[in-house]
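Structure first, commentary second.
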Amino acid sequence: MTDAAPVVTRFAPSPTGFLHIGGARTALFNQLYARGRGGRFLLRIEDTDQARSTPEATQAIFDGLRWMGLDWDGEAVSQASRVARHREAAEELLARGGAYRCWATREEIDAARAQAAAEKRPMVFQSPWRDADPATAPDAPCVVRLKAPREGETTVEDAVQGTVRWANAQLDDLILLRSDGTPTYMFAVVVDDHDMGVTHVIRGDDHLTNAARQSLIYAAMGWPTPTFAHIPLIHGPDGAKLSKRHGALGVDAYRDMGYLPEAMRNYLARLGWSHGDDEYFTDAEATAWFDLSGVNKAPARFDFAKLADLNGRHMRDADDARLVAACLDLMARQGRPMADAATQARFAQAMPGLKLRAKTLVELIETAYYIFATRPLEIDEKAAKLLDPAGRDILAKLTPSLAAVTDWRSAAIEAQTRAFAEAHGLKLGAVAQPLRAAATGRAVSPGVFDVLETLGRDESLARVGDQTG
RNA sequence: GCGCCCUUCGUCUAGCGGUCCAGGACGUCGCCCUUUCACGGCGAAAACACGGGUUCGAGUCCCGUAGGGCGUACCA
């Protein structure tokens, strides 16, 4: 089917906290879908719940989306700013008989529901005011309810879930306007999506039932329903709902754990969506490939191991200077003092070897210990073993050879060290390992001769000297 | 309680009736490469939830069962 109507999608988070991982993926899917088709991707903040919405949370969502590299078209819409329009739409529906005022009290409703539950019937509240004579109305604030059909069924053609049906008897006369005159989420979404020209509503599976309710509103308003696509939720590694313990962190937490935004996008796109066997891809590829038909129906578990693997691959392909900047930035957030220019230069020089050995920026920073540390180095346990008396003895003997290297570069240092090892009937490893331990304080590092070159002749010799007394 | 959705290796998934004694990726375990670790290469173990149908033939279609999830608000 090819129609001329441009695709318009939107991400509509409620500002009650940070942007969590599930929301980030929903936004991603919406962006991929729209941009892949030359359409527009909009952002709307669902702040109709005054009590729970905060400006800080709204800002956190903006920041989170930006860090994730998700950018919406135009200005973000505040749902709360549109209450006049919501009220107007409700009045229109009221005038047309598609809605009615209801004075039922909270107690009456609760009692009716309890009754229904006891009788094992659906707990839908049937308001006595649906067909009551308005003249009998009390002089009290009331709510506006949709006059939903009680017979027949409502079906939703979902782009991911397929055709889903509900008996209308299961759907109640939902509240459109609260007794204080503010719109409910259920009503505001429909009015806003319609007014904003949204053609595809891509959102979490938890909204599937809402699609039925909202369909009823669309029908009552006489508006065409958009295409719905309910994507499965993300679960924690244990299969349970995402909790703070595992993945339900703000995206800023992932930034602090050292993940790259492009890796997050890649991982999140692949979680619940597939394009054949493709695992590692660019944003351009994802945009070109993404389609609702490739979205899975079952919930997926969040797997840090796979995220880490993807992150490692994206780091290897990332620009060195950018990684340096990202690491420095992360270190600053970790409260570390800013490294001086010379150290930063050494860091940049070592980056090719460093990024090959890390899955996250945090790991990368850890393996770069030897660059940021100052003498005397803190020798870890494994390095200490390498620096046993025998190891120190070898280093002591190696020192003159090392000191004789005038052209302090990796290749020259290596040649000299190999010559030394051969002359003493030692395997290269027997010399290189203690050398690495002395130079880095660790048993693991990039190629030791590269490390030495990065450190420079004086610093290198001094570190070896620290171990040979 | 009622309604809806889901169910392929530990995890993410491919599979859209026969080419599947089920393929890829992560993870795990071996081996190789090697100054360490990584990278890279090679290899291994590892799944169609269960039971009925339909069909010449089912991972693929239908119905049950079990398990999981979501919803059931004057929250979003």
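Below, chains carry the letters A, B, ... as their sequence lines are ordered, and counting in each starts from 1. Computation of the quantities below employed the complete heavy-atom set of this structure, encompassing side-chain atoms and omitting hydrogens, waters and symmetry-equivalent molecules.
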Side chain A/Lys120 and base B/C2 donor-acceptor under 3.5 Å: no
Proximal nucleotide (of B/C74, B/U13, B/G40) relative to the A/Arg106 side chain: B/C74
Euclidean distance for P, B/G24 against B/G67 (whole angstrom): 34 Å
Spacing of the C1' atoms in B/A45 and B/U36 (rounded, Å): 29 Å
Other residues, nucleotides, ligands: >12 heavy atoms within 6.0 Å of A/Glu381 CD: no
Side-chain donor or acceptor of A/Arg457 paired with backbone N/O of A/Val405 under 3.5 Å: yes
Any A/Lys359 side-chain N or O less than 4.0 Å from OP1/OP2 of B/C37: no
Presence of A/Arg313 side-chain N/O under 4.0 Å of B/C39 phosphate oxygens OP1/OP2: no
Closest to side chain of A/Arg113, choosing from B/C74, B/A14, B/U7: B/C74
B/C4 versus B/C74 - spacing of their C1' atoms, nearest Å: 24 Å
Heavy-atom side-chain proximity of A/Thr182 to A/Thr48 below 4.5 angstrom: no
Distance between P atoms of B/G59 and B/C9 (Å, rounded): 15 Å
Donor-acceptor pair under 3.5 Å, A/Asp303 side chain vs B/G27 base: no
Distance in Å, A/Asp193 CG paired with A/Thr225 OG1, rounded so as to fall on 0.5 Å steps: 11.5 Å
Residue whose nearest RNA chain B nucleotide is more 5′ - A/Val164 or A/Gln79: A/Val164
From B/C26, B/G40, B/A14, nucleotide with atom closest to A/Arg316 side chain: B/G40
Presence of donor-acceptor pair under 3.5 Å, side chain of A/Arg301 and base of B/U11: no
Residues A/Ser78 and A/Asp47: side-chain donor-acceptor under 3.5 angstrom: yes
Side-chain ion pair, A/Arg203 and A/Glu46, N-O less than 4.0 Å: no
Flag for A/His86-A/Asp192: side-chain donor and acceptor within less than 3.5 Å: yes
Touch class at under 4.0 angstrom, heavy-atom based, for A/Arg165 against every strand present: sugar-phosphate
Donor-acceptor pair (no angle test) under 3.5 Å: A/Arg357 side chain, B/C37 base: yes
Modelled atom types, side-chain donor and acceptor of A/Gln433 and A/Arg436, under 3.5 Å: yes
Pairwise P distance, B/U60 and B/U7 [rounded to whole Å]: 11 Å
Side chain of A/Arg270 (C-beta onward), nearest among B/A76, B/U36, B/G24: B/G24
Base B/G1 paired with A/Glu119 side chain (donor-acceptor, <3.5 Å): no
Residue A/Ala305, side-chain atoms from C-beta onward, closest of B/U13, B/G27, B/U35: B/G27
Closest to the A/Asp277 side chain, choosing from B/C74, B/C2, B/G23: B/G23
Of residues 443-452 of chain A, the positions that come close to RNA chain B - non-hydrogen atoms, cut-off under 4.0 Å: A/Ala443, A/Val444, A/Ser445, A/Pro446, A/Gly447, A/Val448, A/Phe449
Salt bridge A/Asp195-A/Arg82, side-chain N to carboxylate O under 4.0 Å: yes
Under 3.5 Å between N/O atoms: give me all the protein pairs with nucleotides 61-71 of chain B, atom names plus distance.
{"residue": "B/C70", "atom": "O2'", "partner": "A/Asp206", "partner atom": "O", "Å": "3.4"}

Watson-Crick/G-U partner (both atom distances under 3.5 Å) of B/C4: B/G69
Inter-nucleotide C1' distance (B/C2, B/U8), Å rounded: 31 Å
Base-pairing assignment for B/G64 (Watson-Crick or G-U wobble, both under 3.5 Å): B/C50
Residue met sooner reading RNA chain B from 5', once A/Ala358 and A/Met123 are mapped to nucleotides: A/Met123
Base-pairing assignment for B/C37 (Watson-Crick or G-U wobble, both under 3.5 Å): none
Closest non-hydrogen atom pair between A/Asp205 and A/Pro232, with its separation: CB-CA, 4.0 Å
Aromatic contact, A/Tyr267 with A/Phe304 (centres under 6.0 Å): no
C1' atoms of B/C70 and B/G30, separation to the nearest Å: 44 Å
Between B/G18 and B/U13 - P atom distance, rounded Å: 23 Å
Pairing partner (Watson-Crick or G-U wobble, both distances under 3.5 angstrom) of B/C21: none
Aromatic ring pairing A/Phe228/A/Tyr218, orientation class (parallel under 30°, perpendicular over 60°, tilted between): perpendicular
Assigned partner base of B/C26, Watson-Crick or wobble definition, under 3.5 Å: B/G10
Nucleotide of B/C2, B/U36, B/C12 approaching A/Gln433 most closely (side-chain heavy atoms): B/U36
Nearest-nucleotide pick for A/Trp166, side chain only, options being B/U13, B/G3, B/G27: B/G3
